[in-house]
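Note sheet for the following structure.
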Number of protein chains: 2
Amino acid sequence: MEPTLKLADQICFPVYAASRLIIRKYTPYLDELGLSYPQYLVMLVLWEEDQVPVSFIVQKLLLNTNTVTPLLQRLEAMGMLTRKKSQQDERKVIVSLTAKGRKLKEQAASIPSEMAACLLSKEITAADLGMLVNKLNQLIATLNEEEAS
Amino acid sequence: MEPTLKLADQICFPVYAASRLIIRKYTPYLDELGLSYPQYLVMLVLWEEDQVPVSFIVQKLLLNTNTVTPLLQRLEAMGMLTRKKSQQDERKVIVSLTAKGRKLKEQAASIPSEMAACLLSKEITAADLGMLVNKLNQLIATLNEEEAS
DNA sequence: AAATATTATATCGCACACGATATAATTTAT
DNA sequence: ATAAATTATATCGTGTGCGATATAATATTT
C-alpha cells in the first residue's frame with residue numbers, strides 16, 4: 001500500500017481512531033470503578049508492581065511527567081494511592097496503593113475479557129487481536145527506542 | 001492470548017500508546033506546516049473533498065461536534081478555510097478551503113512517505129503496516145457500527 | 001397551521017497530553 | 001569542597017476530546 005494523503009491509507013489515522021473508539025468502549029465499565037481511562041492505566045501499572053517512583057509509571061505508560069503527576073494527584077485525592085518522598089533519594093516520589101486501591105483490582109478483574117468480547121467480530125478473531133497486539137508492541141518499541149537516542 | 005489485567009497483553013494499551021507515539025513522530029513535520037495533528041486530519045478530509053458540512057468531517061474523523069467545531073474555528077482564524085451557512089439548509093455550516101488551505105496540500109505531499117519510512121524496522125515491514133491498517137479499519141468498523149445502533 | 005420531534009452546530013466544563021520551564025536533590029568534575 | 005551538570009518531579013499554558021447541555025432550523029405529527 002503506497003502511502004498517500006488519503007485518510008484511510010495511512011497508518012496514523014486508523015491507530016488514532018481505533019484508540020479513541022476503544023477508550024469510548026471502556027468508559028461505561030470504568031465509570032463503575034470511578035476511573036478515567038488514563039487513571040485505569042496507572043492502576044494497571046500499580047496492580048502489577050506497587051511502591052514505585054513516578055518515573056516507573058512514566059516509562060511503563062510512555063507518558064510524560066507533566067501528564068502523570070496530575071493523574072497521580074487525582075488518584076491520591078480519590079484515596080487510591082499515596083505519594084511519599086523516597087528516603088534514599090529525596091528527588092524520587094514513591095507511589096503506593098492504599099487498601100482501597102488494592103481492593104479495586106477485584107472489581108476490575110472482569111474488564112479485560114468483557115472488552116475483548118466487545119472487539120471480536122466476523123472480521124476480527126482472537127488470533128487477529130493477538131497479532132495486532134504483537135505488531136503494535138513492535139511498532140511501539142521502534143518508536144520508543146528512536147526517541148531514547 | 002488470554003486477556004488479563006497486564007498492561008501489555010490487552011489490546012487497548014498498545015493501540016493507545018502507538019497512537020500517541022506516532023503523533024509525536026508527526027509533530028516535527030506538521031510544525032513546518034503550522035498544523036497540529038488533529039488540524040492536519042481536518043485538512044486531509046478537505047483535500048479529499050471540499051465544501052462539506054461540519055457533520056461530514058465529524059463522520060470521517062469519528063470525532064464529536066464539540067471537538068470539530070473549535071478545530072474548524074482555529075483553522076478559520078489561520079486562514080485555511082471558511083465556514084458559511086448553507087443556502088438550502090441553514091442549520092448546516094459548509095466548510096470550504098481557501099487558496100492558502102489548498103496550497104498547503106503541496107507542502108504536505110511528502111509527509112506520508114516520510115512517516116511510513118519512520119515506522120519501518122527489522123520487525124515491521126511495509127506488508128505488516130498494510131495488514132495493520134486493514135485490521136484496524138475492520139476494528140473501527142465494528143466499534144463504529146455498534147455505536148450507531 | 002400549530003405543537004412536537006429531530007437535526008445540525010455550538011457552548012461549557014473537566015480531564016488529559018505535551019512543549020517549555022522551574023525547582024530541588026544528587027552526581028560529577030574541577 | 002565547590003561549581004557545574006544531571007536527574008526526578010512539578011508547574012504553566014495551549015490544544016484537544018468528550019459528556020452534558022443549549023440553540024436554531026427543518027421535518028413530522030396532529
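Letters A, B, ... are given to chains in the order of the sequence lines, protein chains preceding strands, and every chain is numbered from 1.
A donor-acceptor pair under 3.5 Å is formed between the side chain of B:D89 and the backbone N or O of B:R91. Judged by distance alone, the side chain of A:R20 and the main-chain N or O of B:L62 form a donor-acceptor pair under 3.5 Å. The main-chain N or O of B:T4 is never found under 3.5 Å from a side-chain atom of B:D9 such that the two would form a donor-acceptor pair.
We find that OH of B:Y16 is positioned 13 Å from P of D:dC18, with the value rounded to whole Å. Across the protein-nucleic acid pair, A:L30 atom CG and C:dA15 atom C1' stand 14 Å apart, rounded to whole Å. Note: CD (B:Q39) to C1' (D:dT14) measures 11 Å, nearest angstrom. At whole-Å resolution of the value, OH in A:Y37 and C1' in D:dT16 are 17 Å apart. Note: OH (A:Y26) to C1' (D:dC18) measures 19 Å, nearest angstrom.
Nearest-nucleotide positions on DNA chain D for B:I23 and A:V68 put A:V68 closer to the 5' end.
In this structure, A:W47 and A:Y40 have perpendicular ring planes: the angle between them is above 60°, well past the 30° mark.
Within the 4.0 angstrom heavy-atom criterion, only backbone atoms of the sugar-phosphate kind lie near B:L63; the bases stay farther away. Within 4.0 Å of A:S36, counting heavy atoms only, lie sugar-phosphate atoms of the nucleic acid but no base atom.
Atom OG1 of B:T98 and atom CE of B:M80 lie 7.0 Å apart (nearest 0.5 Å). Considering CG of A:L75 and CG of A:L97, their distance stands at 9.5 Å, rounded to 0.5 Å.
For A:V45, the side chain to side chain contact (heavy atoms under 4.5 Å, CB included) partners are A:F56, A:I57, A:K60, A:L61, B:L7, not counting sequence neighbours.
Judged by distance alone with a 3.5 Å cut-off, no donor-acceptor contact links the side chain of B:N66 to the base of D:dG17. Between the base of C:dG19 and the side chain of A:N64 there is no donor-acceptor pair shorter than 3.5 Å.
Sorted by residue number, the members of residues 40-60 of chain B with any non-hydrogen atom under 4.0 Å from DNA chain C read B:P53, B:V54, B:S55. Near-neighbour residues of DNA chain D inside residues 70-92 of chain A, defined by a heavy atom below 4.0 Å, number-ordered: A:Q73, A:R83, A:R91, A:K92.
Not one side-chain nitrogen or oxygen of B:T67 sits closer than 4.0 Å to the OP1 or OP2 atom of D:dG17.
Judged by distance alone, the side chains of B:S121 and A:T142 do bring a donor and an acceptor atom under 3.5 Å apart.
Within a 6.0 Å radius of NZ in B:K92, no more than 12 heavy atoms belonging to other residues, nucleotides or ligands are found.
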